[in-house]
Structure formats: structure tokens, C-alpha cells
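Numbers for residues simply follow the sequence, beginning at 1.
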Amino acid sequence: RRLRVARPLSLAELARLTGASKATLSGIEAGRANPPAETLATLAGALQVPIAQLLEAPTHGEVRVVRKAAATAGSSDRARLQLLEVARLDGAIELIELSLPAHTLHQERARATGARTHLLVLQGKLIAGPHERPSELATGDYASFPADAAHSYESIRTPVRALLINCTPA
């Protein structure tokens, strides 16, 4: 999924490029499928990456995403607690309201080692996170990712408003 979102390709577009169904691709992305080598080769070609890159785990800090649907199912208190725990660390905390017009890419350079960004989408859809592992987020979704690598925020089809908390350790 991270490689597809980084292109950026929708699941339907990837299905069209590979000839695989959206259900099959969704199962592969969720780790519920064990695709044959031919399917992996086709996916790698469509994503323009070596097959090995499809199989390797990300090597950078953890990216956490809490979907609005999961938050309304009882996870919201946990997500808020995680955010508050990180915000209480010693160091600099920066609170930003991000507003992007439709179809806009905003790139950020790497921050200090150990820096993290917490993002809550207030309105719209965007692709956000480290360049190697962006996530597609919609209104109400929350993400937390390492900010000590180059990262970006890209509005998709509509304007976006999001709340960012950048935490840099002392």
C-alpha cells in the first residue's frame, strides 16, 4: 500500500494496470493473501520497483494511523492518550493549522533526530508522511510519523485542513 500511495495510484488504477481485481490487491495490501511470483512481478512492474521492495519491511520509525471509523468504535480515547503522552515530552512543541488548496503538494525537510509529527485531518483527503511511507488520510483520521526524514502533505481532490503537532526532543 505504501508503494502504491507513494506513486500516487488508487486501488482501482493499480487494478487496471495489473489486471488484478481490487479485492485481490486489497487482500495483498492487508497481508491476507499470498500472491504467486507472477502477480508480484506484475505489481512490481506497475509500481516501478524491484520485486524485493514489495517484500521488505519499512526500515524507518513507526508510522501509526488511526482511522476515524476505528476511533468511533472505541479507539478514540487511546489515540488521544498517545498524542498527549508524546506532547508531554521535554523539547519543542509546535502547533500548526495546515491549509492546502486542492491538488497541492507541500514538502518538508527533515527535522532534528527523534522528531515526530502528529496529524489530525479536520477536512478533506490528503497523502501525508515520510516520502518512503506516505498514508492516505481522510477527515477524522489521525497519523503519527517520524519527522526526522523528509516528508510531505498533498491534498488530493479537495482543499485540506489539518492540525499538526510537531514534537522535537530536547
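Here the CG-OG distance, from L120 to S144, works out to 12.0 Å after rounding to the nearest 0.5 Å. From R116, atom CZ reaches atom CG of D148 across 9.0 Å, with rounding to the nearest 0.5 Å. Between L25 atom CG and E13 atom CD the span is 12.0 Å, to the nearest 0.5 Å. Taken from CD1 in I127 to CD in E136, the straight-line distance is 5.5 Å, to the nearest 0.5 Å. Note that the SG atom of C167 and the CZ atom of R111 stand 10.0 Å from one another [nearest 0.5 Å]. Interatomic distance, CG of L164 versus CG of L119, reported as 5.5 Å (0.5 Å rounding).
Closest non-hydrogen pair, L9 versus A46, comes out as CD1-O, 4.4 Å. Shortest non-hydrogen contact noted between L137 and A143 is CD1-CB, 3.8 Å. Closest approach of A44 to I51, counting heavy atoms only: CB-CG1, 3.8 Å. In terms of heavy atoms, S21 sits closest to A15 at C-CB, 4.3 Å. Of all the heavy atoms in A149 and H151, the pair that sits closest is O-ND1, 2.9 Å. The minimum heavy-atom distance between K22 and A12, with the atom names listed, is CD-CA, 3.6 Å.
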Task: V160 vs Y153, side-chain contact (heavy atoms from CB on, under 4.5 Å): CA-CA, chis, key distance, verdict - done: CA-CA 10 Å; V160 169; Y153 308 96; over 6 Å; no

TODO: Verify side-chain contact (heavy atoms from CB on, under 4.5 Å) between I28 and T39, making sure each step is shown before the conclusion.
DONE: CA-CA 10 Å; I28 292 169; T39 302; 4.1 Å; yes

- [ ] Could you please spell out the steps behind the side-chain contact (heavy atoms from CB on, under 4.5 Å) verdict for L47 and L14?
- [x] CA-CA 8 Å; L47 295 170; L14 186 58; 4.1 Å; yes

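When the side chain to side chain contact (heavy atoms under 4.5 Å, CB included) test is applied to S26, the partners found at least two apart in sequence or on another chain are L11, R32. Residues passing the side chain to side chain contact (heavy atoms under 4.5 Å, CB included) test with A138 are K125, D141, sequence neighbours excluded.
The aromatic rings of Y142 and H118 lie parallel to each other, with less than 30° between the two planes, well short of the 60° mark.
Not a single donor-acceptor pair under 3.5 Å links the side chain of S152 to the backbone N or O of H106.
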Taking only distance into account, with no hydrogens and no angle test, what donor-acceptor pairs under 3.5 Å do side-chain atoms of residues 96-105 form with protein atoms, sequence neighbours excluded?
{"from": "E97", "atom 1": "OE2", "to": "R161", "atom 2": "NE", "distance (Å)": "2.8"}
{"from": "E97", "atom 1": "OE2", "to": "R161", "atom 2": "NH2", "distance (Å)": "3.4"}
{"from": "H103", "atom 1": "ND1", "to": "I156", "atom 2": "O", "distance (Å)": "2.8"}
{"from": "T104", "atom 1": "OG1", "to": "P101", "atom 2": "O", "distance (Å)": "2.9"}
{"from": "T104", "atom 1": "OG1", "to": "A102", "atom 2": "O", "distance (Å)": "3.3"}

